[in-house]
Amino acid sequence: MKKILEYARVLYEAHGTKAEAEAAQKALKYEEAGNREEAETWRAVRKAINEMRGSYES
């Protein structure tokens, strides 16, 4: 979980509002390559970014 939050924070700081889309693209790329574990990680990163955005925008 710590790894996911760190990825999410770094991606959000680097890409701002586009970070969630970046994470979704990575998840799709790994899913299409057959790497389900990595795809799940990036889905979790996307969810964490979505939650962060809610915190930052409030």
Side-chain angles (χ1 to χ4, degrees):
M1 183 64 170
K2 186 176 180 180
K3 178 175 95 170
I4 304 255
L5 294 176
E6 182 65 18
Y7 283 169
R9 184 185 62 77
V10 169
L11 203 58
Y12 190 76
E13 287 176 1
H15 297 281
T17 58
K18 295 179 182 177
E20 200 172 341
E22 284 285 324
Q25 287 176 342
K26 287 182 184 289
L28 182 61
K29 179 182 92 170
Y30 283 111
E31 187 70 38
E32 288 174 347
N35 190 337
R36 288 182 169 260
E37 186 176 326
E38 197 67 28
E40 284 299 317
T41 296
W42 284 103
R43 281 192 204 72
V45 170
R46 181 182 182 194
K47 183 178 178 197
I49 291 168
N50 182 275
E51 291 170 3
M52 274 187 219
R53 288 181 62 199
S55 302
Y56 290 140
E57 293 173 3
S58 296

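For Gln25, there are no side-chain hydrogen bond (donor to acceptor under 3.5 Å, both in side chains) partners at least two apart in sequence or on another chain.
Note that the CG atom of Leu11 and the CZ atom of Arg46 stand 12.0 Å from one another [nearest 0.5 Å]. Put simply, CD on Glu20 and CE on Met52 are 11.0 Å apart, with the number rounded to the nearest 0.5 Å. For the atom pair Ile49 CD1 and Thr17 OG1, the distance stands at 11.0 Å (nearest 0.5 Å). Once rounded to the nearest 0.5 Å, the distance linking OH of Tyr7 with NZ of Lys26 reads 9.5 Å.
Pairs of residues two or more places apart, or lying in two chains, that qualify as side chain to side chain donor-acceptor pair (under 3.5 Å) and include a residue from residues 34-43 are Glu31-Arg43, Glu38-Trp42, Glu40-Arg43.
The nearest pair of heavy atoms linking Ala39 to Ala27 is CB-O, 3.5 Å.
Salt-bridge formation is detected for the pair Glu13/Arg9: a Lys NZ or Arg NE/NH1/NH2 atom is positioned less than 4.0 Å from an Asp or Glu carboxylate oxygen.
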